[in-house]
Each structure stands twice: as C-alpha cells, then as structure tokens.
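A, B, ... follow the sequence lines: proteins, then strands. Residue 1 opens every chain.
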Amino acid sequence: MTEAAGAADGLRFSLHEIAAQLGGELIGAGAAQLVERVGPLEGASPTTISFLASARFRSQLTTSKAGCVIVAPAMRDEALARGATIVTPDPYLYFARLTQWWAQRTRRAETPGVHASAVVDPSAQVDPLASIGPLVVIEAGAAVGAGAVVGAHGFVGRGARVGADTRLAARVTLGAGCSIGARGIVHSGAVIGADGFGFAPTEGRWEKIEQLGAVRIGDDVEIGANTCIDRGALGDTVIEDGVKLDNLIQIGHNVRIGAYTAIAGCVGIAGSTSIGAHCTVGGGCGINGHITLADHVHITAFSAVGKSILKPGVYRGTFPLEENATWEKNAATLRNLHALRNRVRALETKTP
Amino acid sequence: MTEAAGAADGLRFSLHEIAAQLGGELIGAGAAQLVERVGPLEGASPTTISFLASARFRSQLTTSKAGCVIVAPAMRDEALARGATIVTPDPYLYFARLTQWWAQRTRRAETPGVHASAVVDPSAQVDPLASIGPLVVIEAGAAVGAGAVVGAHGFVGRGARVGADTRLAARVTLGAGCSIGARGIVHSGAVIGADGFGFAPTEGRWEKIEQLGAVRIGDDVEIGANTCIDRGALGDTVIEDGVKLDNLIQIGHNVRIGAYTAIAGCVGIAGSTSIGAHCTVGGGCGINGHITLADHVHITAFSAVGKSILKPGVYRGTFPLEENATWEKNAATLRNLHALRNRVRALETKTP
Amino acid sequence: MTEAAGAADGLRFSLHEIAAQLGGELIGAGAAQLVERVGPLEGASPTTISFLASARFRSQLTTSKAGCVIVAPAMRDEALARGATIVTPDPYLYFARLTQWWAQRTRRAETPGVHASAVVDPSAQVDPLASIGPLVVIEAGAAVGAGAVVGAHGFVGRGARVGADTRLAARVTLGAGCSIGARGIVHSGAVIGADGFGFAPTEGRWEKIEQLGAVRIGDDVEIGANTCIDRGALGDTVIEDGVKLDNLIQIGHNVRIGAYTAIAGCVGIAGSTSIGAHCTVGGGCGINGHITLADHVHITAFSAVGKSILKPGVYRGTFPLEENATWEKNAATLRNLHALRNRVRALETKTP
C-alpha cells in the first residue's frame with residue numbers, strides 16, 4: 001500500500017481561482033498552472049498544492065516537488081525561488097480554508113428530500129431543504145432545519161431538533177428532546193442523550209434516578225464518532241458554541257462545556273463538571289465530576305483531573321514511560337515513597 | 001443557553017398525590033399546591049419539587065424558591081420554616097423514586113406490537129406485549145418477552161433473548177445466542193456479544209480463536225451507550241443481577257461481574273477477570289485479565305489494577321496532576337527514583 | 001447462572017474426524033468417541049475436547065474429566081495415562097484452529113444475495129456470492145467482493161470497497177472511499193472513515209480542516225466493536241495486513257499500523273503516528289501523535305507513550321495501585337519529589 005493524497009477524481013483547479021476565492025498573494029513561476037490535489041510537502045507532485053505551516057519544516061520547502069506552496073511572508077523569497085507561491089499571514093489557516101473549498105468542489109452534495117425508506121413521523125417538521133437519508137427514523141415532534149443532513153440509519157427522537165446546515169453522518173442517535181444548533185457536524189455512532197449514570201444506593205442495590213433533562217448543543221459544534229453525551233438528570237447537559245469533540249469521548253450528565261473548547265479522543269468527563277471556554281483537553285484524560293475548570297485551562301494528554309482548576313495554565317499528570325526493567329525498579333521505590341521521605345528527614349536531623 | 005429543569009409538558013402533579021404514592025410525611029404551608037418539575041434547590045421555582053440529600057447543602061435550603069423540599073428527619077424544622085416539606089428517612093432514595101414516578105407520567109409509553117418496517121424472522125418469538133421499533137432486525141429463534149422494548153435500528157441475533165420489561169434503546173446490538181434478563185435497560189450503541197479478542201501467535205502472525213461462548217446478563221442490569229461486552233471464548237461472559245455499567249466500557253471475554261457492582265464510564269476490563277459483588281469501579285480504570293477482585297472492592301477513578309485484590313477496601317493508583325512546570329521536574333526525578341533511593345541508602349550507611 | 005461451554009446444538013464430532021482435518025497424533029483410550037463441545041480443562045465433561053497450553057496448568061490435567069486433551073509432546077505420557085489425547089507441537093495453536101473448524105460446522109453460513117430491505121445503489125458492484133443483510137445501505141460506486149458479508153444495518157459509503165470473504169458484523173460503518181482487504185472481520189459499531197480531528201486555530205475559534213484522505217485496511221485484519229479509525233487529512237490512514245484491533249480503540253488520522261501488530265481495547269493513538277510491525281499495545285494505552293514506534297515494540301497496559309520508541313523492547317508507564325491510605329501518603333511525597341531530590345543532594349554535599 002502506498003501513499004495517496006487529496007480527493008481528486010480527475011478534477012483540476014487553477015491557482016488563480018483558488019487565490020481569487022481564498023485571498024493571499026499568488027506569485028512566482030508556474031502561477032498559471034492547475035493543481036489536482038492538496039498534500040503535504042513531502043511526497044508532493046507538480047500538481048499538488050502544499051503549505052509550510054512552520055519554519056521548522058523549512059528544509060522540506062527546497063526538496064518538495066509541490067506545484068505551489070502556501071507560505072508566510074517571512075518565507076516569501078525562499079518559496080519564490082522554487083516556483084508558484086501563495087503568500088498569506090497564516091498559512092495553516094489558509095490551508096484549512098483550502099480544504100473546505102476543495103471538499104465543496106469534490107464531494108457530492110446531498111440531495112434535499114426524504115429517502116423513501118426513511119420512517120418519518122407525520123408530526124415531525126422536516127424542512128424541504130433538509131436531506132433525510134435511507135433508513136432514518138425521525139420521531140414525533142422532531143424538527144430538522146434547512147440544509148441539514150441526517151445520514152443513513154440516523155435516529156432523531158421525539159421532539160429533538162437539528163439546526164440548519166448541521167450534518168449528522170450515518171448512524172447518529174439524537175435522543176428525545178435533545179437539540180443541536182446550526183452548522184454542526186456529528187460523526188457516526190455518536191450517541192446524544194442516553195441516560196446519565198445516576199442511582200441511589202439502597203440496601204446494597206441501586207435505585208435508578210430517571211434522567212429527566214436533555215442535551216443542548218450550540219452552533220458550530222463538531223462531535224466525533226462513537227462519542228457519548230448523556231442527558232441531564234435534572235436540567236440539561238450543555239455544549240456551548242464552537243466546541244470540538246473528538247471520537248470516543250464520554251460526557252456525563254449535567255456537564256457544561258464552554259465555547260470553543262476542544263477535547264481530544266478517549267476523554268471521560270464525569271457528571272456535573274463545568275469546563276470553561278477556550279480550554280483544550282488532551283487525549284485519554286479523565287476529569288472528575290462536580291468540579292470546575294476555568295477558561296483557558298489546558299490539560300496534557302492522559303492526565304487525571306481530580307480537583308477544580310481555577311487558574312488558566314497548562315496542567316499535566318502523566319506517568320512517565322520507561323523500559324520495563326527500569327519501571328519495575330522505580331515502581332518498587334514509588335510504592336514506598338513516603339518511607340523514603342521519612343528516611344531523608346531522619347538523615348537531615350542527624351546531619352549538622 | 002439557560003438552564004432548564006424537569007420534563008414537564010404543562011403537566012402538574014399534586015404533592016398529596018406524590019406522598020400518597022411514594023410515602024413520606026407531607027407537611028407545612030403550601031402542601032396543597034401543584035408542582036410541574038423536579039429540580040435542584042438552586043434555581044428552583046415555586047412549582048419545583050426539590051430535595052436536600054446532605055446537610056452539606058443546608059445553606060441552599062433557606063435560599064431556594066422550591067415549592068416543596070424532600071428532607072431527612074433531622075432537617076424537618078428547618079425545612080418546615082420555609083414551606084411545604086416531605087420528610088423521609090432517605091431523601092436521595094425518595095428523589096430517585098420520584099424521578100421514576102415522574103418519568104412514568106410524563107413519558108410516552110411504547111405501544112406494543114411490531115413496527116411495519118421491522119424485519120422479524122418468522123421463527124422468532126416476540127411476545128404480543130413487546131414493542132418492536134422501526135427498522136429493527138430480529139433473527140431466527142430469538143425471543144423477546146412481554147413488556148420488552150426493542151428500539152429503532154435494534155438488532156437481536158439468532159437465538160438471543162430479551163427478558164420481560166427490558167428496554168433496548170435505539171440502535172442496540174444483542175449478538176447471536178446472548179441473553180439479557182428482566183427489567184434491564186441498554187442504551188444506544190451498546191454491543192453485546194462481539195467476539196472476544198483471542199488469537200494464538202504463530203510464525204509472527206495471529207491465528208483467530210473463534211469465540212464459541214455467549215454473553216449472559218441477569219435481571220435489573222443497566223448498560224450504557226456504546227459499551228461493549230464480548231462473548232466468551234469457551235463458556236460465557238456473565239453479568240450478574242443488578243449490575244450497572246456506564247458508557248464506553250469494554251468488558252472482555254469470559255469476564256464475570258458480580259451482582260450489584262457499578263462501573264463508571266471508560267473502564268476496560270480484560271478477559272477472564274472476575275469482579276465481585278457490590279464493587280464500584282471509578283471512571284477510566286483499567287483492570288487486567290485473569291485476575292480476581294473480591295466483593296466490596298472499590299477502585300478510585302483512573303487507576304490501573306494489575307493484580308488480584310482479595311481484601312475489601314478502597315484502592316487507588318492515579319498519578320497526581322500538576323502544573324506542567326512542576327510535573328516536568330517531578331517526572332525527571334521519578335525516572336531516576338530507584339537511583340535516588342540508593343543515594344539515600346548510601347547516606348544512611350555513612351551517617352552514624 | 002452457571003457455566004456453559006462450547007456452541008453445540010446437539011452436534012457431535014468424532015476425534016478421528018478432527019485429527020484427520022487438523023493433524024496431530026490421536027492416541028489413547030477413548031480415541032473413538034464423540035465430543036460435543038470445546039472447553040477448558042476445568043469444568044470439562046467426557047464429551048468435551050480440551051487443551052493444555054502450558055505446563056503451568058499441568059495439575060488440571062489429572063483432575064479434568066475432559067474426553068480428550070490436546071497436549072505438547074512433553075506432556076504425552078501424562079495425558080495418555082488419563083485417556084484420549086491429541087499430541088501436537090503447539091497445543092494453543094491447535095486449539096485456535098479447532099475453534100475455527102468447530103465454528104464452521106456449528107454456525108449458520110450466510111446466504112449469498114441481497115436482502116430485500118437493503119438499499120443498494122444501482123452503481124454499486126456487489127458480487128453475486130456476497131451476502132448483504134437486512135436494512136444495509138450501500139452507496140454509489142461501492143464494491144463488495146465474493147464471499148463477503150455485510151451484516152444488518154451496515155453502511156458502505158460511496159466508492160468504498162469490501163474485499164473477498166471479509167465479514168462486517170451487524171451495524172458497521174465503512175465511510176466513503178475507504179477500503180478493507182480480504183478475509184477481514186469488523187465487529188458491530190466500528191466506524192471506519194469518520195473525519196480526523198483537525199482544526200486551525202483562528203481568533204479563539206477553530207477552523208475545520210476537511211479530511212480529504214481515506215482509510216486503507218489490508219488483508220486478514222480484525223477490528224473490534226465500536227472501534228474508530230479516522231480518515232486521513234491528506235493521504236490515508238493505513239492499517240497493514242494481519243493487524244488485530246480490539247474494541248473501543250481510537251486511531252487518529254494518518255496513523256499507520258504495521259503488519260501483524262495487535263492492540264488491546266480502549267487504546268487511543270493520536271494522529272500521524274506510525275507504529276511498526278509485530279508490536280503489541282496493552283489495553284488502555286495512549287500514544288501521542290506524530291511519533292514512531294519501531295517494529296517489535298511492546299507497550300504494557302495503561303501506559304502513556306509520549307515520545308518515539310526506536311528500540312524494540314518492553315515499555316511500561318503504569319502508576320502502581322495502592323490501598324487508598326498508602327496512595328495518599330505517597331502521592332503527597334510525589335508532588336514534592338523534585339524537592340526531595342534536592343534535599344538528598346544537600347545531604348550528600350554535607351556528608352563526607
């Protein structure tokens with residue numbers, strides 16, 4: 001298996017068209033040519049448009065065969081020496097917008113309308129400009145906005161709401177009474193609105209607390225594959241505007257996630273915790289219930305957060321990886337760490 | 001986005017009706033009034049019924065606008081001073097039962113019968129009082145009991161069994177030959193009966209061990225969204241009565257989970273491990289294969305359990321979270337912890 | 001609930017038939033008998049065929065009631081003394097093949113053809129020997145090979161490809177343009193080809209990087225339930241031949257996993273990381289993005305891998321589990337570990 005890049009099907013675009021739409025200064029030899037894929041500098045061909053996001057990868061600029069490279073003003077001369085160049089203040093952002101532009105031109109648009117095999121309750125309000133895929137189920141009182149897409153095998157429960165231009169990929173579950181705003185993306189297997197995990201102990205058993213709340217999701221939110229967001233016990237679980245959630249994340253009941261916070265895969269957030277705006281949480285982290293993270297808190301991957309963090313900053317709690325033999329020795333000492341501290345204290349007492 | 005609470009649709013219930021059904025002593029001014037939501041003390045309105053589970057939240061009692069508060073006998077006078085009160089020995093348990101009572105009255109009951117779009121094998125035994133949702137698949141020889149619900153897009157494999165009054169939410173997979181008892185709840189995306197992870201190494205490759213067992217689940221079990229319970233290799237994976245599993249949990253083949261054990265989200269349990277009854281496992285934990293946890297063992301969130309635990313108690317293995325700069329320094333020392341111990345030992349030898 | 005073993009439905013097989021097909025030397029009293037289940041030594045009955053994979057479990061050999069035991073040459077005499085025996089160089093491998101042989105004879109074969117309820121685009125190429133289950137969706141330009149099975153509620157996106165004899169269990173999503181080779185197995189809920197998690201930051205928000213690549217999966221790959229493999233941003237995410245992935249694993253965009261590597265449940269691998277061939281990764285591990293693991297690297301369960309590992313070996317980074325009181329004391333010291341090292345250093349300076 002060898003490397004592929006881009007999404008072309010024989011489609012070619014002119015650099016002039018790209019610069020006309022996305023801005024930037026298009027200069028250098030070959031600026032009149034056509035490109036047929038977006039790709040990294042390494043492995044690029046003369047029909048690839050590529051980008052240099054950081055001066056760290058500068059050496060790749062010289063060796064790459066890319067037909068055009070998007071660079072920052074500081075790299076202008078260096079890029080120009082090799083051929084067609086788009087100069088822009090933030091090449092990575094330009095690249096992001098280029099992928100969007102590219103996807104719009106190379107991907108099939110969904111056709112508005114309801115697939116014949118879908119099961120849509122007569123009382124559901126499906127906008128005529130929405131697209132409801134095959135074998136979808138939409139229950140009573142649900143609403144799907146203009147330009148929204150509900151992919152194959154999707155489920156929109158009683159009274160749930162899908163905002164305009166929001167896309168649910170194949171096989172997404174949006175539970176009864178839950179809502180997502182406009183321009184969202186939800187990936188396959190995501191479950192929005194399962195019951196939160198709530199029980200009262202009684203005589204060695206667990207009595208279920210019915211989860212009477214819902215999930216409310218703002219605009220411009222992306223939710224990854226097989227991610228779960230539980231409905232609130234009382235009140236709602238809330239995901240604010242612009243939040244980005246990766247795959248296989250668990251969000252407990254009554255959690256609130258502040259606007260523009262991004263959370264990487266395999267994170268678990270226990271119930272009733274409030275995470276601020278503009279936070280980032282690395283992959284595999286666990287965050288305790290009933291705590292608060294301030295705005296602009298950044299948690300490094302694979303950390304456990306047990307207490308509230310009220311001061312912005314970078315926090316970490318990852319156990320260092322070692323070769324197994326080293327780990328064995330260190331772990332043995334770690335199990336007696338408190339005793340070691342006492343031994344040091346004893347020595348300090350004895351040493352003048 | 002602002003806070004919501006409860007699940008009312010204009011429905012109102014009298015406090016007398018609640019106390020008549022659920023018990024407790026209803027006293028105080030306003031005991032004749034109607035409530036339209038269940039909610040926390042904070043943010044409650046005069047039509048909210050709320051509860052005080054712990055004396056820790058006592059201060060909220062005075063300030064809350066709740067129309068009625070459920071309290072323990074010790075808080076009786078304090079609650080009475082503010083208005084309608086239900087006095088009961090265990091307010092949290094009362095609250096749990098109130099949510100159940102509430103949900104029964106405010107949620108639509110499933111209609112018995114098989115939706116026209118479901119694909120049900122003629123040899124399957126579906127009780128006339130069961131409800132089979134749209135686009136469900138039920139294979140040959142499967143059985144679904146009275147009062148059971150198989151939600152939209154559900155899959156019940158060959159010979160699988162769903163007990164009476166058990167509810168499978170939308171999109172649940174119950175594999176061939178697997179069974180779940182009575183009064184269970186399984187949330188969307190759960191996969192019961194995928195193959196366990198079993199391979200014999202041979203010449204640098206992996207030879208599959210077909211998983212010939214099944215999954216057997218007792219009564220009153222709840223299983224969270226996107227949780228996976230693998231079928232046994234030989235013999236069965238067993239989940240005993242009253243077990244509660246949160247979302248995104250992985251249960252390996254031939255695991256046994258004892259009665260009334262509760263496991264929080266994102267936990268992984270490797271194959272052939274046996275967990276006792278009345279245990280709790282915090283979110284994000286990993287439990288090794290082929291080990292045993294005794295009854296009444298409690299594992300704190302985000303711990304890795306490598307060995308059997310035969311003594312009841314609370315166990316923990318979470319790396320402490322720090323600001324990143326502190327972590328960097330501590331982790332550097334941790335990597336040489338064994339050497340540090342040797343240095344202390346050398347000092348002890350030298351110090352009289 | 002008591003233990004069950006095997007998958008028989010009254011079917012019985014002769015030991016001679018087994019040895020004729022799978023090899024090994026069949027000897028001892030009772031070699032002419034029939035067996036009706038494969039099971040562990042413990043709990044076996046006279047109609048069980050069992051195996052002794054390691055001399056460690058030797059004591060079970062004497063006490064087991066199994067009708068036939070598969071053993072290595074070193075255990076030949078010991079096994080023979082108790083009855084029918086199959087002698088083979090690698091009993092565990094023999095057992096694996098026996099389970100395959102058994103499954104073929106006891107499980108219903110899928111019938112080739114397309115179920116009437118499936119929604120298959122006319123431009124999709126479905127081999128006449130493939131089996132397409134109920135309520136499956138196959139989009140335009142997709143291809144499904146001979147002997148392949150797409151289980152109930154499966155989704156095969158535009159231009160996606162399923163190789164010959166590959167089995168997708170019920171409810172698998174294979175996204176547009178993604179491919180899986182021959183003889184693969186994908187379990188329920190797996191999502192292949194959701195978008196990778198890619199955003200460019202801009203003015204406190206996140207600009208989506210459309211994921212223009214796909215997922216390419218080799219031959220003989222097994223993928224667990226609810227596991228996610230994201231499509232590449234540019235270029236593809238690649239899973240090489242013979243890789244085995246357990247349940248609830250997250251594979252980020254542009255990851256490459258080398259041939260015959262096996263990864264246990266609940267592992268997260270961040271984007272653009274390359275894992276070598278013949279590696280093993282224990283359950284619950286997290287692997288950072290943009291790093292490289294050499295061939296034959298083995299990571300112990302629940303470790304976080306932050307940096308490249310270029311040397312084969314066993315690596316570990318699990319925090320040791322303790323009783324909670326011990327943990328509290330050790331963790332307190334751990335938070336000041338660097339200070340402790342400085343105190344030791346000070347003592348060393350003072351001590352002659």
S.K.: Assess, by modelled atom type and distance only, whether the side chains of C:E207 and A:Q100 contain a donor and an acceptor separated by less than 3.5 Å.
M.R.: yes
S.K.: Evaluate the side-chain proximity of C:L212 to A:R107: yes if any heavy-atom separation is below 4.5 Å, no if none is.
M.R.: yes
S.K.: Testing the basics here: between A:F319 and C:P320, what is the closest heavy-atom pair and its distance to 0.1 Å?
M.R.: CE1-CD, 4.3 Å
S.K.: Can you tell me if A:H278 uses its side chain to pair, donor with acceptor, with the backbone of C:G204 under 3.5 Å?
M.R.: yes
S.K.: What residue in A:P134, A:S188, A:A53, A:A225 has the most heavy-atom pairs under 4.5 Å with chain C?
M.R.: A:S188
S.K.: Using heavy-atom distances under 4.5 Å, tell me whether C:I309 contacts chain A through its side chain, its backbone, both, or neither.
M.R.: side chain
S.K.: Compare every heavy atom of A:T99 with every heavy atom of C:E210, then report the nearest pair and how far apart it is.
M.R.: N-OG1, 2.8 Å
S.K.: Which atom pair, heavy atoms only, marks the closest approach of A:L93 to C:A200?
M.R.: CA-CB, 3.9 Å
S.K.: When rounded to the nearest 0.5 angstrom, what distance separates NZ in A:K350 from NZ in C:K350?
M.R.: 15.0 Å
S.K.: Does any non-hydrogen side-chain atom of A:R171 lie less than 4.5 Å from one of C:F155?
M.R.: no
S.K.: Give, as side chain, backbone, both or neither, the part of C:S303 having an atom under 4.5 angstrom from any heavy atom of chain A.
M.R.: both
S.K.: Side chain, backbone, both or neither: which part of C:A190 has a non-hydrogen atom closer than 4.5 Å to chain A?
M.R.: backbone
S.K.: If we only count heavy atoms from C-beta on, is the C:V344 to A:L347 side-chain gap below 4.5 Å?
M.R.: no
S.K.: Can you find a pair of side-chain heavy atoms, one from C:R316 and one from A:E328, that are under 4.5 Å apart?
M.R.: yes
S.K.: Taking the side chain from A:H153 and the backbone from C:L135, do they hold a donor-acceptor pair closer than 3.5 Å?
M.R.: yes
S.K.: Given heavy-atom pairs under 4.5 angstrom as the criterion, report whether the side chain, backbone, both or neither of A:A301 touches chain C.
M.R.: neither
S.K.: Once ring pair (Phe, Tyr, Trp, His ring centres under 6.0 Å) is applied, do any residues pair with C:W206, and if so which ones, sequence neighbours excluded?
M.R.: none
S.K.: Among C:D230, C:T227, C:D195, find the residue that satisfies the side-chain hydrogen bond (donor to acceptor under 3.5 Å, both in side chains) test when tested with A:N247.
M.R.: C:D230
S.K.: Report the distance from atom CH2 of A:W327 to atom OG1 of C:T318, rounding to the nearest 0.5 Å.
M.R.: 5.5 Å
S.K.: Got a sec, which residues hit ring pair (Phe, Tyr, Trp, His ring centres under 6.0 Å) with A:F13, two or more places apart in sequence or on another chain?
M.R.: A:W101, A:W102
S.K.: Would you say CZ of A:R108 has more than 12 non-hydrogen atoms from neighbouring residues, nucleotides or ligands within 6.0 angstrom?
M.R.: yes
S.K.: Is the CZ atom of C:R343 crowded by more than 12 outside heavy atoms at less than 6.0 Å?
M.R.: yes
S.K.: Identify which part of C:A304 has an atom lying under 4.5 Å from any heavy atom of chain A, answering side chain, backbone, both or neither.
M.R.: both
S.K.: C:L334, C:T351, C:L337: which one forms the most heavy-atom pairs within less than 4.5 Å of chain A?
M.R.: C:L334
S.K.: Short question: side chain of A:N226, backbone of C:G189 - any donor-acceptor pair under 3.5 Å?
M.R.: yes
S.K.: Starting from the C-alpha separation in whole Å, work towards a yes-or-no answer on side-chain contact (heavy atoms from CB on, under 4.5 Å) for C:N336 and A:R341.
M.R.: CA-CA 10 Å; C:N336 295 297; A:R341 194 197 62 150; over 6 Å; no
S.K.: Minimum heavy-atom separation for C:N330 to A:H338, with atom names?
M.R.: OD1-N, 2.9 Å
S.K.: Please determine, among A:D246, A:T326, A:L98, the option with the most heavy-atom pairs under 4.5 Å with chain C.
M.R.: A:D246
S.K.: Can you tell me which portion of C:V297 sits under 4.5 Å from chain A's heavy atoms? Options are side chain, backbone, both or neither.
M.R.: neither
S.K.: Which pair of non-hydrogen atoms, one from A:I263 and one from C:F197, has the smallest distance, and what is that distance?
M.R.: O-CZ, 3.4 Å
S.K.: Around A:R183, counting heavy atoms of other residues, nucleotides and ligands shown, do more than 12 lie under 6.0 Å from its CZ?
M.R.: yes
S.K.: Need one label for C:R158: side chain, backbone, both or neither, based on atoms under 4.5 Å from any heavy atom in chain A.
M.R.: side chain
S.K.: Do C:K208 and A:I185 have side chains that get closer than 4.5 Å, going by heavy atoms?
M.R.: yes
S.K.: For a quick test of reading the model, state the closest non-hydrogen atom pair linking C:V119 to A:S117 and the distance between them.
M.R.: CG2-OG, 3.9 Å
S.K.: Taking side chain as C-beta onward, heavy atoms only, is C:K307 less than 4.5 Å from A:L321?
M.R.: no
S.K.: Please flag which part of C:C285 lies under 4.5 Å from any non-hydrogen atom of chain A: side chain, backbone, both or neither.
M.R.: backbone
S.K.: Which bit of A:Y92 is near chain C, if near means a heavy-atom gap under 4.5 Å: side chain, backbone, both or neither?
M.R.: both
S.K.: Between C:E322 and chain A, with a heavy-atom cut-off of 4.5 Å, which part of the residue counts as in contact: side chain, backbone, both or neither?
M.R.: side chain
